[in-house]
Colleague: 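Please find one structure pasted underneath; my questions will follow.
Below, each value reflects all heavy atoms present in this structure, side chains not excepted, and no hydrogens, waters or symmetry copies. Not measured: the values here are computed from a predicted model.
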Amino acid sequence: MASLLGTSSSAAAAAILASTPFSSRSSKSAVLSLFPSSGHSQGRKFYGGIRLPVKKGRSQFHVAISNVATEISPAQEQAQKLAEDSQRPVYPFPAIVGQDEMKLCLLLNVIDPKIGGVMIMGDRGTGKSTTVRSLVDLLPEIKVISGDPFNSDPEDQEVMSAEVRDKLRKGEQLPVSLTKINMVDLPLGNPEEGELRPQLLDRFGMHAQVGTVRDAELRVKIVEERGRFDKNPKEFRESYKGEQEKLQSQITSARSGLSSVTIDHDLRVKISKVCAELNVDGLRGDIVTNRAAKALAALKGRDKVTPEDIATVIPNCLRHRLRKDPLESIDSGLLVVEKFYEVFG
């Protein structure tokens with residue numbers, strides 16, 4: 001996986017969690033795709049996954065979890081398993097200290113991939129790559145049509161390949177299997193191209209700002225935990241096994257209960273009022289805020305969204321959609337918070 005630690009003072013990243021199935025067999029390099037279910041980029045097409053563009057020195061990288069499968073023989077599969085077993089274990093997600101905003105945004109996208117992903121921006125050395133890499137352990141297995149090169153979702157015709165849809169129309173019975181998810185490094189291109197255009201930023205569901213930890217005690221804890229991991233990764237992961245399994249169970253439960261979560265009409269109206277008064281173009285801000293708030297409620301084990309849920313997620317859903325004022329010194333996230341309390345009282 002490409003490192004997120006750039007040589008400049010700031011690095012940008014984006015993760016898109018698609019609503020479509022993911023592949024466990026793809027490890028090919030490719031280019032950026034910005035759509036949650038399907039997309040095009042420089043002539044290549046992907047049908048879902050996590051995608052992560054990152055600035056690193058004089059180049060950018062795009063990390064993706066694609067659902068394009070590759071046929072391999074049993075011998076190749078065994079060799080791949082042995083190679084995976086010999087690889088260095090990833091840092092456990094529950095062990096990451098601080099950076100709660102980034103972690104929450106990622107978790108919400110796991111619960112509801114239709115949120116549309118996370119763009120992560122912040123200082124180098126703040127754990128962006130470590131956090132995204134550790135997320136793979138939490139991603140659930142997904143159902144796919146066996147043998148389909150695009151790992152079509154057997155329950156959603158919108159994200160099925162044309163061949164699978166044709167077989168369904170003919171009444172054929174298609175075998176279903178479970179598959180795991182794999183993280184893939186993808187190159188993106190040069191920082192000299194400038195900042196992302198507003199139209200591009202709007203494609204990302206959420207935005208997380210990552211800052212350097214300033215508290216001395218917390219910094220010491222981070223260094224100590226990292227030292228433990230470097231000394232004995234497997235033992236370190238084992239010490240967090242209980243928390244990891246608890247979080248996985250919580251995510252599974254939240255995904256199952258998401259469809260039953262409701263949000264009152266007056267709260268939806270207030271969300272749209274915030275978006276309108278902040279001059280947010282289009283309706284993506286409204287839609288994503290509703291989705292993220294429902295995902296947060298599901299994560300907390302509730303079936304109804306509260307104003308507190310909205311207050312938590314709305315800065316991440318809107319801050320990157322605001323029109324930039326070169327004379328404005330206040331952080332766009334604070335503008336969103338101020339408008340939220342003005343509307344919600």
Colleague: With sequence neighbours excluded, what pairs up with Arg319 under the side chain to side chain donor-acceptor pair (under 3.5 Å) test?
Modeller: Glu101, His207
Colleague: Could you tell me whether a side-chain N or O of Asp264 sits under 3.5 Å from a main-chain N or O of Asp266, the two making a donor and an acceptor?
Modeller: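 No: the side chain of Asp264 does not pair with the backbone of Asp266.
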Colleague: So which heavy atom on Leu335 is nearest to which on Leu278, and how close?
Modeller: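 Minimum heavy-atom separation between Leu335 and Leu278: O-CD2, 4.1 Å.
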Colleague: Considering all heavy atoms of both residues, which atom of Val118 and which atom of Cys105 are nearest to each other, and what is their separation?
Modeller: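 Closest approach of Val118 to Cys105: CG2-O, 3.6 Å.
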Colleague: Hey, any chance Val97 and Met102 share a hydrophobic cluster, counting ILVMFWY side chains that come within less than 4.5 Å of each other, even indirectly?
Modeller: no
Colleague: Sequence neighbours excluded, which residues qualify as salt bridge (Lys or Arg N to Asp or Glu O under 4.0 Å) partners of Glu238?
Modeller: none
Colleague: Measure the spacing between CD1 of Ile96 and NZ of Lys103 and express it to the nearest 0.5 Å.
Modeller: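 Ile96 CD1 to Lys103 NZ: 6.0 Å, rounded to 0.5 Å.
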Colleague: Taking the side chain as every heavy atom from C-beta outward, state whether Val305 and Thr262 have any pair of such atoms under 4.5 Å apart.
Modeller: no
Colleague: Can you pull out every ring pair (Phe, Tyr, Trp, His ring centres under 6.0 Å) where at least one residue sits in residues 264-302? Sequence neighbours excluded, please.
Modeller: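 As it turns out, there is no ring pair (Phe, Tyr, Trp, His ring centres under 6.0 Å) pair with a partner in residues 264-302 once direct neighbours are skipped.
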Colleague: Could you go step by step and tell me if Arg219 and Asp215 meet the salt bridge (charged side-chain N to carboxylate O under 4.0 Å, His left out) rule?
Modeller: CA-CA 6 Å; Arg219 290 170 75 105; Asp215 181 81; over 6 Å; no
Colleague: Give a yes or no on whether a salt bridge exists between Lys339 and Glu342, defined as a side-chain N under 4.0 angstrom from a carboxylate O.
Modeller: yes
Colleague: Rest of the hydrophobic cluster containing Val220 (Ile/Leu/Val/Met/Phe/Trp/Tyr, side-chain heavy atoms under 4.5 Å)?
Modeller: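 Other cluster members: none.
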Colleague: Can you tell if the side chain of Val136 reaches within under 4.5 Å of the side chain of Val90, non-hydrogen atoms only?
Modeller: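 A side-chain contact is absent here, since even the closest heavy-atom pair is not under 4.5 Å.
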Colleague: Using modelled atom types and a 3.5 Å cut-off, is there a donor and acceptor pairing between side-chain atoms of Gln99 and backbone atoms of Val210?
Modeller: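 Pair absent, no side-chain N/O of Gln99 close to backbone of Val210.
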Colleague: Do Val274 and Phe344 make a side-chain contact, defined as non-hydrogen atoms from C-beta onward lying under 4.5 Å apart?
Modeller: yes
Colleague: Would you check if Pro92 and Asp137 make a side-chain contact, meaning some heavy-atom pair closer than 4.5 Å?
Modeller: no
Colleague: Please check this pair: side chain of Arg321 against backbone of Cys317, looking for a donor-acceptor N/O pair closer than 3.5 Å.
Modeller: yes
Colleague: Would you give the length of the straight line joining atom CG of Asp153 to atom CD1 of Ile142, rounded to the nearest 0.5 angstrom?
Modeller: 7.5 Å
Colleague: Are any of the side-chain heavy atoms of Asp148 and Met160 separated by less than 4.5 Å?
Modeller: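 They are not in side-chain contact.
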Colleague: Determine whether a donor-acceptor pair (N or O, by modelled atom type, separation under 3.5 Å) exists between the side chain of Ser134 and the backbone of Thr131.
Modeller: yes
Colleague: Partners of Ser177 by side chain to side chain donor-acceptor pair (under 3.5 Å), sequence neighbours excluded?
Modeller: Ser146
Colleague: Once salt bridge (Lys or Arg N to Asp or Glu O under 4.0 Å) is applied, do any residues pair with Glu163, and if so which ones, sequence neighbours excluded?
Modeller: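 Listed in chain order: Lys167.
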Colleague: Give me the atom names and distance for the closest heavy-atom approach of Val261 to Ala298.
Modeller: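 Result for this residue pair: CG2-CB, 4.0 Å.
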Colleague: What's the spacing between Phe204 CZ and Ile120 CD1 if we round to 0.5 Å?
Modeller: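 The distance works out to 10.5 Å.
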Colleague: Name all pairs fulfilling the salt bridge (Lys or Arg N to Asp or Glu O under 4.0 Å) condition that reach into residues 278-297, sequence neighbours left out, sorted by first residue then second.
Modeller: Asp112-Arg291, Asp202-Arg284, Asp281-Arg323
Colleague: Nearest 0.5 Å, please: how far is NZ in Lys246 from CD1 in Ile251?
Modeller: 13.0 Å
Colleague: Check Lys128 against Thr126 and note the closest heavy-atom contact, atom names and distance.
Modeller: NZ-OG1, 3.3 Å
Colleague: Should we say atom NZ of Lys273 is surrounded by more than 12 heavy atoms from elsewhere, each under 6.0 Å from it?
Modeller: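 No, not enclosed.
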Colleague: Without swapping roles, check the side chain of Ser249 against the backbone of Glu245 for a donor-acceptor pair under 3.5 Å.
Modeller: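 No.
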Colleague: What's the shortest heavy-atom distance between Ile111 and Ala254, and which atoms?
Modeller: CD1-CB, 3.7 Å
Colleague: Sequence neighbours excluded, which residues qualify as salt bridge (Lys or Arg N to Asp or Glu O under 4.0 Å) partners of Arg214?
Modeller: none
Colleague: How would you list all residue pairs meeting ring pair (Phe, Tyr, Trp, His ring centres under 6.0 Å) that involve residues 90-114, not counting sequence neighbours?
Modeller: Tyr91-Phe229, Tyr91-Phe236
Colleague: Asn109 side chain to Pro113 main-chain N or O, any donor-acceptor pair under 3.5 Å?
Modeller: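 Not a single qualifying donor-acceptor pair exists.
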Colleague: Applying side-chain contact (heavy atoms from CB on, under 4.5 Å), run through Met206 and Met119 and close with a yes or a no.
Modeller: CA-CA 6 Å; Met206 303 183 76; Met119 179 166 59; over 6 Å; no
Colleague: I'd like to check the ring-ring contact (aromatic ring centres under 6.0 Å, His included) partners of Tyr341; sequence neighbours left out, ordered by chain and number.
Modeller: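 For Tyr341, no residue satisfies ring-ring contact (aromatic ring centres under 6.0 Å, His included) once neighbours in sequence are set aside.
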Colleague: Of the non-hydrogen atoms in Ile115 and Ala295, which two are nearest, and what is the gap between them?
Modeller: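 It is CD1-CB, 4.2 Å.
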Colleague: Transitively linked via ILVMFWY side-chain contacts under 4.5 Å: Leu104 with Leu258?
Modeller: yes
Colleague: Taking atom CG of Leu299 and atom CD of Gln250, what is their separation to the nearest 0.5 Å?
Modeller: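 Answer rounded to 0.5 Å: 4.5 Å.
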Colleague: Rounded to the nearest 0.5 Å, what separation is found between the CD atom of Gln244 and the CZ atom of Arg237?
Modeller: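 So the CD of Gln244 and the CZ of Arg237 are separated by 6.5 Å.
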Colleague: Under 3.5 Å, is there a donor-acceptor pair between the Asp309 and Thr306 side chains?
Modeller: yes
Colleague: Would you say the side-chain atoms of Asn151 and Thr179 include a donor-acceptor pair closer than 3.5 Å?
Modeller: no
Colleague: Membership question, hydrophobic clusters at under 4.5 Å side-chain separation (ILVMFWY): are Ile271 and Val337 in the same one?
Modeller: yes
Colleague: Would Lys170 and Asp166 pass as an ion pair if we require N to O under 4.0 Å?
Modeller: yes
Colleague: Side chain to side chain donor-acceptor pair (under 3.5 Å) with Asp303: which residues, sequence neighbours excluded?
Modeller: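 With neighbours one apart ignored, the set is empty.
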Colleague: Would you say the side-chain atoms of Ser152 pair up with the backbone N or O of Ser161, donor to acceptor, closer than 3.5 Å?
Modeller: yes
Colleague: Flag the pair Leu138 / Leu106 as yes when at least one side-chain heavy-atom distance between them is below 4.5 Å, and no otherwise.
Modeller: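 Counting from C-beta outward, Leu138 and Leu106 never come under 4.5 Å.
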Colleague: Kindly indicate whether the side chain of Arg226, heavy atoms from C-beta on, has any atom under 4.5 Å from the side chain of Glu224.
Modeller: no
Colleague: For the residue pair Ile263 and Ile310, establish whether any side-chain heavy-atom pair is separated by less than 4.5 Å.
Modeller: yes
Colleague: Could you tell me whether Glu172 atom CD has more than 12 heavy atoms of other residues or ligands within 6.0 Å of it?
Modeller: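 Yes, enclosed.
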Colleague: Only counting residues at least two apart or in another chain, list the ones meeting salt bridge (Lys or Arg N to Asp or Glu O under 4.0 Å) with Arg228.
Modeller: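 For Arg228, the residues satisfying salt bridge (Lys or Arg N to Asp or Glu O under 4.0 Å) (neighbours in sequence not counted) are Glu225.
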Colleague: Side-chain heavy atoms under 4.5 angstrom apart, residues restricted to Ile, Leu, Val, Met, Phe, Trp, Tyr: same cluster for Val343 and Leu318?
Modeller: yes
Colleague: I'd like to know whether CD of Glu235 has more than 12 heavy-atom contacts from other residues, nucleotides or ligands below 6.0 angstrom.
Modeller: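 For Glu235, atom CD is not crowded (no more than 12 foreign heavy atoms under 6.0 Å).
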Colleague: Would you kindly confirm whether Val176 and Val164 end up in one hydrophobic cluster when ILVMFWY residues are joined by side chain heavy atoms under 4.5 Å apart?
Modeller: yes
